[in-house]
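Only one structure is covered here, and it is reproduced in the block below.
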Amino acid sequence: MTLSSVIKEINNLLDLTFSELQYPKIEYEVTEPPLKEFGDLTTNIAFLLAKKTKKKPSFIAREIVEKIIVPRIEFINKNDVSVLQLAEAHPAGHINFKINYHIFSKFLVKLIEREEFGFLNIGKGKTIRIEHTSVNPNKPLHIGHLRNIVIGDTLYRLFKCTNHNVHVLNYIDDSGVQVADIIVAFLFKGFESKSINKNLKFDEYCGEIYSKINDIYQVETSLINKRNFIIKQIEEGNNKVSEFTWKIVKEVLLEQLKTCWRIKARYDILNIESQIIASGLWDKTFELLKQKDIIKYVTDGKNKNCWVFKPEREEEKVLVRSDGTATYVAKDIPYALWKLSIFNDPFRYVFFAEQWDGTTLLKTEILKNGSINQIENKDKIENNTLEEILIQPKKKIDKVITIIDSRQARLQNILLEIIKRLDSTKQEYCYLNYETVALSQQTVKEIGLGLQNENKRVIHMSGRKGIYISGDYILDQLRKKSAKEIKSRNSTMTEKDIDFIAEKIAISALRYSLIKRDRDKMITFDMQEELKLDGDTSLYLQYSYARAIRILEKAEHLTIQKPVNLGLLNKDIEKEIIKEILKYDIIIEKAIETLSPKILARYANELAAKFNVFYESVQVLQVENIDLKLARLSLVKSFTILFRGIFLLLGIEVLNKL
RNA sequence: GGGCUCAUAGUUCAGUUUGGAUAGAAUGGCUGCCUGCGGAGCAGCUGGUCGAGGGUUCAAAUCCCUCUGGGCCCA
């Protein structure tokens, strides 16, 4: 029982309006009013009916309150007690409700008894595939990549906790231009294929080479031919170049994954591009596209001898060039169809790495003739959530979400059109765009990324030009800053403890800062701003939590048992917290429905702010009345229980002390 | 030239999907509050013609149109 059940109760009452007062049936809302003076909940039903019937909203509101709601509440109160205490028609036309907190607060008891916040069965076991990260394995992850990861991983967590079966995918483009670039550098320009500087991670080292080789291309244009040769070798496979490339890719990938794991992201499957190419999925896809008449062969004009697709609102797009090679857009189609599980699965899944949470990361490998789809090295694989899907290759996938930055929105829409025409089932395939992360002029100067155009306020990152700020660098800076602060506050804490806590603060701060913003808005990353750990940050949440935990610790001798009289919590701020806590299911539902994890971050901040008001203005441990003390302790406890759940969803680390 | 997207307080942003009551935070500036449950906090003041103009509506930051200015994609 939560706030949503109260809303349902109001809905039941209001629905009587249509039958008893002869109004047309409409969709209305029951929400929280903008100001607390207006009560706990409000509805817009009178406005909407006014529009239909040309009566005044105030008249309808009064009518509904007097004829429908008040008699019912009074009736219920005669026999039992209603969770609704009062309904009022505001002259403007709003109908406002007041909750009976004596009843409502009892809902908290369940939260406390369970010791964890409720498992919401929104997904009902539906299977969802989320692809995120998908960074070219030739450079370190920068802050823009981390935005992608944090959005994807938080969504994963949201789906996971609401009874969805989730597969997290990471697409590894091991046969594209970017990887080929560094292979050219190793094979033809004499760069060492390992980092000489021990402090330089291999992905960072490759990032430097990637930028250098791109400078070399400018003066040595013949190198482009060598790159094309490399790409061809990788696509063909089973040769020295492809073997060498995989060795490099694997090493870079493992370093990149260390950064992902550092911020507590996890994956289920690595989808390797060269294997998708070799799997023959493209040929099948090509046939299907021809068969369903989705693509057309052009016999004259500028696209002569090409296979093209005509999007609804755009010029036709080449999918297969006149030389028979597939374009970038075309290459993505077989992968999309694999995600939807349209074809028989051509892969088996082999162990790639063990992850921080004890789960196994698998990678695709092509099935050899006659072998069946299976997981290799099963004994190594613990906690595997994928087994079921892998031995049932045609299992239905209900939803596929790809997290991708908005520069690719155009291509995505073309792909989406193609997929919609290919797949007639009701599966959902969607792209989730987010705006890029750019660097502030100030930060570019500080990091010493070279002289930039002074007129530009923001500078876009570019791996090719060597202009980026790595995720690890930011985390390290955050950790240093936090460690310093902790030290100044705790003279007795050991270096080891300080470092442990500082790392957790750093991870949480970065995740929160990336997730709380709207996906549609570009982030101008500024290092100095990022290092500020006051105000609307994860630390504020962690700090509030630590305060609550301290209270509970000091009251440990008092076990919260038996019937606690939560009705004693009658201060305004106490009621507000109860309502805020019991709203959590509405928030999670909305976050999932709109694929907006930021809603959760905003909620957490709101709740923490309320707790801090409570903390400053209401005594808990000093209270003489034992019943009141227990009631308040219960409130504090339910706050901590809910917050642990929210922390888990947001990937914020739980710290009892900081 | 075509398309997508953003514009709200000095600054960074919520609120726009689904129109509703006095447009909210944070930060900055100014001012209070620690022998009390952790001051990385709390309270107060300051600060906004919601980019501009028009339209729809009883009601527009929110919906529609035009324009301006940033960012991106394509040509």
Side-chain angles (χ1 to χ4, degrees), chain A residues 27-29 31 33-35 37-39 42-48 50-51 54-58 61 90-94 96 311 313-315 317 405-414 433-436 438 440 456-458 460 481-482 484-486 488-490 505 509 513 516-526 529-530 532-555 573 590 593-596 598-599 601-603 605-606 608-623 629 632-633 636 656-658:
Chain A
E27 294 284 324
Y28 58 89
E29 272 187 335
T31 54
L35 292 173
E37 290 97 277
F38 298 136
T42 188
T43 178
N44 61 353
I45 190 169
F47 293 107
L48 299 174
K51 191 162 207 161
K54 301 284 173 203
K55 289 184 191 172
K56 280 189 177 172
S58 55
H90 189 273
H94 303 89
N96 298 328
R313 304 162 49 125
E314 282 191 60
E315 272 186 34
K317 188 94 195 159
D405 84 63
S406 60
R407 286 173 304 186
Q408 305 190 46
R410 216 179 90 88
L411 283 185
Q412 294 155 26
N413 286 334
I414 296 174
N433 294 325
Y434 64 93
E435 263 297 339
T436 47
S440 71
K456 290 239 173 187
R457 265 186 68 242
V458 300
H460 290 277
K481 171 89 188 290
S482 311
K484 205 175 141 195
E485 292 289 324
I486 298 166
S488 71
R489 288 173 166 81
N490 303 277
I505 290 176
S513 137
K516 74 172 181 183
R517 277 130 139 161
D518 196 286
R519 285 195 318 270
D520 290 335
K521 284 186 178 138
M522 192 177 82
I523 295 177
T524 305
F525 185 89
D526 186 275
E529 287 299 314
E530 200 66 17
K532 288 181 184 162
L533 287 173
D534 49 2
D536 183 14
T537 64
S538 59
L539 192 62
Y540 181 70
L541 310 178
Q542 289 166 314
Y543 184 74
S544 314
Y545 178 81
R547 279 178 147 184
I549 287 294
R550 192 68 62 248
I551 294 177
L552 295 179
E553 269 178 12
K554 294 201 170 169
I573 186 63
K590 196 174 173 196
E593 190 195 314
T594 58
L595 300 177
S596 307
K598 72 164 177 192
I599 294 172
R602 302 268 163 211
Y603 172 62
N605 179 268
E606 193 108 331
K610 291 208 156 99
F611 176 78
N612 278 319
V613 173
F614 169 80
Y615 184 90
E616 299 280 348
S617 61
V618 182
Q619 290 291 323
V620 179
L621 297 175
Q622 275 76 21
V623 173
K629 191 188 221 173
R632 286 184 179 162
L633 278 170
V636 174
N656 289 351
K657 206 183 271 183
L658 46 94

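Every value quoted in this text rests on a predicted model; they were computed, and no experiment measured them.
Nucleotide B/G10 forms a pair with B/U27, judged by Watson-Crick or G-U wobble geometry with both contacts under 3.5 Å.
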Exercise. Report, as a single string ordered 5' to 3', how protein heavy atoms within less than 4.0 Å touch nucleotides 20-34 of chain B: B base, S sugar-phosphate only, - not at all.
Key: BBB---SS-------
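The same atom, P, is picked in B/A26 and in B/C45; the two are 12 Å apart, to the nearest Å.
A/K484 comes within 4.0 angstrom of nothing in the nucleic acid, heavy atoms only. Among the atoms of the strands shown, base atoms are found under 4.0 Å from some heavy atom of A/I486. Here A/K51 lies in heavy-atom contact (under 4.0 Å) with a base. Across all strands shown, A/N413 has no heavy atoms under 4.0 Å from either base or sugar-phosphate atoms. Residue contacts for A/K657: at a heavy-atom cut-off of 4.0 Å it reaches a base atom on one of the strands shown. Nucleic acid contact for A/Q619: base, since at least one base atom lies under 4.0 Å from a heavy atom of the residue. If you check every strand for non-hydrogen atoms under 4.0 Å, A/E315 touches nothing. Nucleic acid contact class of A/R407 (heavy atoms, under 4.0 Å, all strands): sugar-phosphate only. A/V613 comes within 4.0 angstrom of sugar-phosphate atoms only, judged by non-hydrogen atoms across all strands, and of no base. Base contact: A/L658 has a heavy atom under 4.0 Å from a base atom.
Between the side chain of A/K516 and the backbone N or O of A/R602 there is no donor-acceptor pair closer than 3.5 Å. A/S58 contributes no side-chain N or O that, together with a main-chain N or O of A/G93, makes up a donor-acceptor pair within less than 3.5 Å.
The 5' end of RNA chain B is approached more closely, in terms of each residue's nearest nucleotide, by A/K598 than by the other of A/K598 and A/Q408. Nearest-nucleotide assignment on RNA chain B puts the 5′-proximal partner with A/D520, out of A/V458 and A/D520.
For A/E435 against A/D520, the heavy-atom pair with the smallest separation is CG-O, 3.3 Å.
Look at B/C34: its glycosidic torsion is within 90° of 0, and that puts it in the syn range.
Look at A/Y615 and you'll find a side-chain N or O under 4.0 angstrom from OP1 or OP2 of B/G38.
Here A/H90 and A/F38 bring their ring centres to under 6.0 angstrom of each other.
Between the side chains of A/Y540 and A/N612, a donor-acceptor pair is found at a separation under 3.5 Å.
Within a 6.0 Å sphere centred on NZ of A/K55, heavy atoms belonging to other residues, nucleotides or ligands number more than 12.
Taking every side-chain heavy atom of A/Q622 into account, B/C37 is the closest of B/C6, B/C37, B/G38. Comparing atom distances between the A/L539 side chain and each of B/C37, B/A40, B/C42 picks out B/A40 as nearest.
At a cut-off of 3.5 angstrom, the base of B/G38 holds at least one donor-acceptor pair with the side chain of A/R550.
Salt-bridge check for A/R550 with A/E553: passed, with a basic side-chain N closer than 4.0 Å to an acidic carboxylate O. Residues A/R547 and A/E616 are paired through a salt bridge, judged by an N-O separation under 4.0 Å between the basic side chain and the carboxylate.
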